[in-house]
Amino acid sequence: MKILISDDDPIIRMFVSRVAKHASYDVVVAEHGRAALSLLESEDPDLLITDLHMPELDGFGLIAAVKALPRFADMPIVCLSSCNDREQVARLIQQGIAGYLLKPVRPADFIDRLHAVAPRAQAWK
């Protein structure tokens with residue numbers, strides 16, 4: 001399974017990437033939402049993990065843009081963010097995300113979420 005990770009923090013990108021690779025997932029990283037959006041076609045990921053607050057295109061905009069693309073509309077999306085505002089999390093749920101993890105996240109919790117979403121990520125294509 002290939003995961004596209006979009007986060008503007010290089011430390012978070014490195015951490016999440018290493019944890020996912022250690023759990024035998026293929027990983028592609030993007031430093032913001034616009035970069036992630038441009039990688040969709042060429043990388044053809046099974047799952048998107050995104051931060052919410054990023055420059056150029058934030059997580060909300062990225063999710064909306066991905067959901068608007070017929071080919072990727074059903075791709076599962078997990079948000080990994082330090083935002084714990086209930087209204088924003090409710091908005092994410094309305095956008096149809098597959099999961100939400102609050103930073104800082106423990107590696108075991110991150111891997112558990114990946115394993116939980118994996119069947120959906122493999123089935124949507």
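Keep in mind that the numbers below use all heavy atoms, side chains included, and drop hydrogens, waters and symmetry copies. All figures in this text were calculated on a predicted structure; none of them were measured in a lab.
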Practice task
Grab the two heavy atoms, one from Trp124 and one from Asp74, that are nearest each other, plus how far apart they are.
Solution key: CB-O, 3.5 Å
Practice task
Looking only at non-hydrogen atoms, find the nearest pair between Leu47 and Ile77 and report the distance.
Solution key: CD1-N, 4.3 Å
Practice task
Measure the CD-CZ distance between Gln95 and Arg91 for me, rounded to the nearest 0.5 Å.
Solution key: 5.5 Å
Practice task
Hey, could you give me the CD1/CZ distance between Ile111 and Arg106, rounded to the nearest 0.5 Å?
Solution key: 11.0 Å
Fill in the blank from the handout: Hits for salt bridge (Lys or Arg N to Asp or Glu O under 4.0 Å) against Asp9, two or more places apart or cross-chain, chain-then-number order -> none
Handout entry: Cluster check Tyr25, Ile12: I/L/V/M/F/W/Y, side chain < 4.5 angstrom
Key = yes
Practice task
With Cys79 as reference, evaluate Leu48, Leu101, Ile97 under the side chain to side chain contact (heavy atoms under 4.5 Å, CB included) test and give the passing residue.
Solution key: Ile97
Fill in the blank from the handout: Note: Arg120 and Ala98 closest approach over all heavy atoms is NH1-CB, 3.3 Å
Handout entry: Exercise: identify the closest heavy-atom pair between Leu37 and Val66
Key = CD1-CG2, 4.2 Å
Problem - same_hphob_cluster(Leu39, Val29) at 4.5 Å side-chain heavy-atom cutoff - result: no
Handout entry: Asp44/Lys2 salt bridge by N-O under 4.0 Å criterion
Key = no
Exercise for the section: Kindly indicate whether the side chain of Ile3, heavy atoms from C-beta on, has any atom under 4.5 Å from the side chain of Val78. Expected result: no
Completion exercise
Smallest heavy-atom separation, Leu4 atom then Ala30 atom, equals CD1-CB, 4.4 Å
Practice task
Of all the heavy-atom pairs spanning Met54 and Leu57, show the shortest one and how long it is.
Solution key: CE-O, 3.6 Å
Problem - Close side-chain approach of Leu62 and Ser6, heavy atoms under 4.5 Å - result: yes
Problem - Hphob cluster co-occupancy, Met75 + Leu114, side-chain heavy atoms under 4.5 angstrom - result: no
Exercise for the section: For Arg18, look at atom CZ and say whether over 12 heavy atoms of other residues, nucleotides or ligands are found less than 6.0 Å away. Expected result: no
Problem - Single-linkage hydrophobic cluster, 4.5 Å side-chain cutoff, Val89 and Val117 together - result: no
Practice task
Give a yes or no on whether Leu80 and Ile63 share a hydrophobic cluster (residues Ile, Leu, Val, Met, Phe, Trp, Tyr; joining criterion: side-chain heavy atoms under 4.5 Å apart).
Solution key: no
Exercise for the section: Kindly compute the distance separating CG (Asp58) from CZ (Arg34), expressed to the nearest 0.5 Å. Expected result: 10.5 Å
Exercise for the section: Could I get the full list of side-chain hydrogen bond (donor to acceptor under 3.5 Å, both in side chains) partners for Asp8, not counting sequence neighbours? Expected result: none
Handout entry: Under 3.5 Å: donor-acceptor pair, side chain of Arg13, backbone of Asp7
Key = yes
Fill in the blank from the handout: Distance col, row Arg71:CZ vs Lys125:NZ, nearest 0.5 angstrom, shows 7.0 Å
Fill in the blank from the handout: Output for pair (Glu56 CD, His32 NE2), nearest 0.5 Å, gives 3.5 Å
